[in-house]
Each structure stands twice: as C-alpha cells, then as structure tokens.
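Read through the structure below, which is laid out as structure tokens, and then see the notes.
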Amino acid sequence: MHTIHTLKKMKAAGEKIAMLTCYDASFARLMSDAGVDVLLIGDSLGMAVQGQASTIPVSVDDICYHTAAVARGNQQALILADLPFGAYQQSKEQAFAAAVRLMVAGAHMVKLEGGEWIAETTHFLQQRGIPVCAHIGLTPQSVHTLGGYKVQGRGEAAAQLLADAQAHAQAGADMVLMECVPVALAAKVTASVSCPTIGIGAGVDCDGQVLVMHDMLGIYPGKTAKFVKNFMHNQTSIQAAVGAYVQEVKAKIFPDAEHSFTD
Ligand SMILES: Nc1nc(=O)c2c([nH]1)NC[C@@H]1CN(c3ccc(C(=O)N[C@@H](CCC(=O)O)C(=O)O)cc3)CN21
Ligand SMILES: CC(C)C(=O)C(=O)O
Ligand SMILES: [Mg+2]
C-alpha cells in the first residue's frame, strides 16, 4: 500500500506521481492495477457524477459513500478524499469532525481548499493523525468569489500563491495541489516545499499530475479546461487509456505546453 512516505520518496527520486479522480470500486480496481499512485475522491463528483452546475452542493455523506466504494476496489493506491464546501471552513474543529468521517470511510489523506488563511486547520488535522493535501491556486469551491474558473497566481499574485504553499508545508501538509497556475510559478513552489506537489493545469514540473477521470476518458459532457487531454484517443479500452495516462505522466510527456498556462 502506498503511504505518505512512498510519495515523499518518489519526489526525492524524481519519479512522477500519477493521480486520477475515482468514484467507484470497479474503477478503483482498474486504476490501481494500471499503476495510478493516488485515487482522489474529488468533489468534482458533483459535476461529473451528479450532474450539478458546480461542486458547491456536494456533502460529506456523498464523499463518504464514494470513498467507501473506492476503498473496497483499491489494491495499493493512496486514497485521498476531498472535504466538500461548508464542511471545514467554519472552524478547525468542524474540519476535524468532517475529516474523521472521511478517514473512517477509507481515506488515507484529506484535501481542503484554501491558502495561508486555512493553514492552521492543516496543522490541527495533521497533529491529530490526519494527513492533509492543501489545494491552492484555482479553488473551485470559491468559484463565486473568484468570478469563474480562471488561472491564478499570474503577475502580482504569484508571491501570495508561493506564501500559501509555504504556509501549508510549514503547518505540516503532506501534499500541495495546484490548479490552474502558470508553469514557472508551479515549478518554483515545487522546488521550495519538501512535500510532493500535484498539478492540474500547473505544468510538467510538479511532482505529479491529476485529472478528472471523465475528462481524460472524453466522456464529460460539459465544457472542459485547456489542461484536459483525452487519453482514449488511439486506445481501444479504458484500461489502455489509464495506462497511457500513467505512462505519459511518468515520462513527463503530459502535460505539454498545449495543456499548460504561462504567466
Ligand atoms: N469534469 C470536471 N473537470 C474538472 O477539472 C473540474 C470539474 N469537473 N469540476 C470542478 C472543477 C472546475 N474546473 C475547471 C473548469 C473550467 C476551467 C477553465 O475552463 N479554465 C479556463 C481558464 C481560462 C483563463 O483564466 O485563462 C481554460 O481555458 O482552461 C478550469 C477548471 C476544474 N474542476
Ligand atoms: C480536480 C481535482 C483536483 C479535484 O479537486 C476534484 O476532482 O474535485
Ligand atoms: Mg475538488
């Protein structure tokens, strides 16, 4: 079974970490057999599975249901589960109670969205036995304050994004995930924190990559972002497409400039 130590050793060795979102037992088995290192039960399930317009309506119950299913199918991947909107922002105590539920359902690590302002929650959870992934840059649960799904950390905003990553790393985060961040800034963050970084629209220099499974299989019916690549192209099975994704992440082929953002 992969642990936080496996991932830290991969960063040190320069071996890229392959992560995909996963919501059920059959895909968990398929993905872990194909060499996916981390399975993320993302709140993107609100959009990809439930057909909602954003991730905002997703509940802790929803994430727990899918986490338990993924845990049953998983072979050796690390299981990461999203804390959904409203379940952790109010207080560190509220975050702990929700995170406990995800861990009991089968998660090995939880992910929360936010910068420096929520690093004290990262510390509170880590101290109490819950590994934390800090999701920074484009944080989809804040879509209404951000005014859309836009690239973050360009120009003047770069310094704050670096400070956000460092605050979480200092607080004890075992992973930092960056979404929609210019390639050069994500590289700088990756070099400046000791924990692994994962990118989605954050360039090839992160320690690993993640995509939503429906996006990389080409079956998401909505508008997809520039960072999305359809790995079913030229493949005849889902197993082969997931295998191609793992191979392209490990070989640093994905993401290329076409699937990345510049400053
Ligand atoms: N299926 C799916 N895939 C995802 O990646 C995803 C979800 N759902 N749901 C939650 C969020 C929403 N996400 C999104 C959605 C759209 C863009 C997007 O279109 N971004 C523009 C950036 C434009 C700019 O600022 O330059 C793009 O062109 O990619 C990015 C992330 C990522 N997450
Ligand atoms: C897109 C990833 C990073 C995520 O948070 C999700 O799937 O919910
Ligand atoms: Mg999410």
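Remember, it's 1-based here, ligands and their atoms both numbered in the order they're listed. Just so we're clear, the structure is a prediction, and the values are computed from it rather than from any experiment.
Distance alone, capped at 3.5 Å, places no donor-acceptor pair between the D33 side chain and the L30 backbone. H108 places a side-chain N or O within donor-acceptor distance of the main-chain N or O of I79, the cut-off being under 3.5 Å. Between the side chain of D207 and the main chain of I198, no donor-acceptor pair closer than 3.5 Å is present. The closest donor-acceptor contact from the side chain of D37 to the backbone of M19 lies at 3.5 Å or more, if one exists at all. Listed for the D263 side chain is a donor-acceptor partner under 3.5 Å among the backbone atoms of G155. In this structure, R29 contributes its side chain and R72 its backbone to no donor-acceptor pair below 3.5 Å.
Annotation: side chain of C22 is not in contact with side chain of L40 (no heavy-atom distance under 4.5 Å).
Of the N and O atoms on the side chains of E179 and Q152, not one donor lies less than 3.5 Å from an acceptor on the other residue. Counted by atom type alone, S44 and Y23 present one or more donor-acceptor pairs between their side chains at under 3.5 Å.
Atom 2 (C) of ligand 2 has as its closest protein heavy atom L40 CD2, 3.6 Å. Residue, atom and distance of the protein heavy atom nearest to atom 5 (O) of ligand 2 are K111 NZ, 2.6 Å. The protein heavy-atom contact nearest to atom 1 (C) of ligand 2 is I200 CD1, 3.7 Å. Regarding atom 8 (O) of ligand 2, its nearest protein heavy-atom neighbour is D43 OD1, 2.8 Å.
Annotation: S44 places an N or O atom under 3.5 Å from an N or O atom of ligand 2; distance criterion only.
A salt bridge links D61 to R101: one of the charged nitrogens lies within less than 4.0 Å of a carboxylate oxygen.
Note on ring orientation: taking the six-membered ring where Trp is involved, the planes of H259 and F254 are tilted (angle from 30° to 60°).
When the shell of 6.0 Å around NZ of K188 is examined, it contains 12 or fewer heavy atoms from other residues, nucleotides or ligands.
For the side-chain contact (heavy atoms from CB on, under 4.5 Å) with H66, the lone residue among D24, V58, V49 that qualifies is V49. A side-chain hydrogen bond (donor to acceptor under 3.5 Å, both in side chains) with Q89 is found for exactly one of Q94, E113, Q141, namely Q141.
Per-residue contacts place T21 under 4.0 angstrom from the following atoms of ligand 2 (heavy atoms of the residue considered): 7 (O). Near H135, meaning under 4.0 Å from any of its heavy atoms, are these atoms of ligand 2: 3 (C), 5 (O). When each atom of ligand 2 is checked for a heavy atom of L177 under 4.0 Å away, the hits are 3 (C). Each of the atoms 6 (C), 7 (O), 8 (O) of ligand 2 lies under 4.0 Å from some heavy atom of G42.
With a 6.0 Å cutoff to the six-membered ring centre and a 45° limit on the axis angle, K229 counts as a cation-pi contact of F231.
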N/O pairs closer than 3.5 Å, ligand 1 and protein:
unit_1	atom_1	unit_2	atom_2	d
ligand 1	1 (N)	D215	OD1	3.1
ligand 1	1 (N)	D215	OD2	3.4
ligand 1	3 (N)	D215	OD2	2.6
ligand 1	19 (O)	K223	NZ	2.9
ligand 1	20 (N)	Y149	O	3.1
ligand 1	25 (O)	V151	N	2.9
ligand 1	29 (O)	K226	N	2.8

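Using a 4.0 Å heavy-atom cutoff, E113 is absent from the residues neighbouring ligand 2.
With a heavy-atom cut-off of 4.0 Å, D82 touches ligand 2 through its side chain alone.
Each protein N, O or S atom less than 2.8 Å from the Mg ion (ligand 3) was counted, giving 2.
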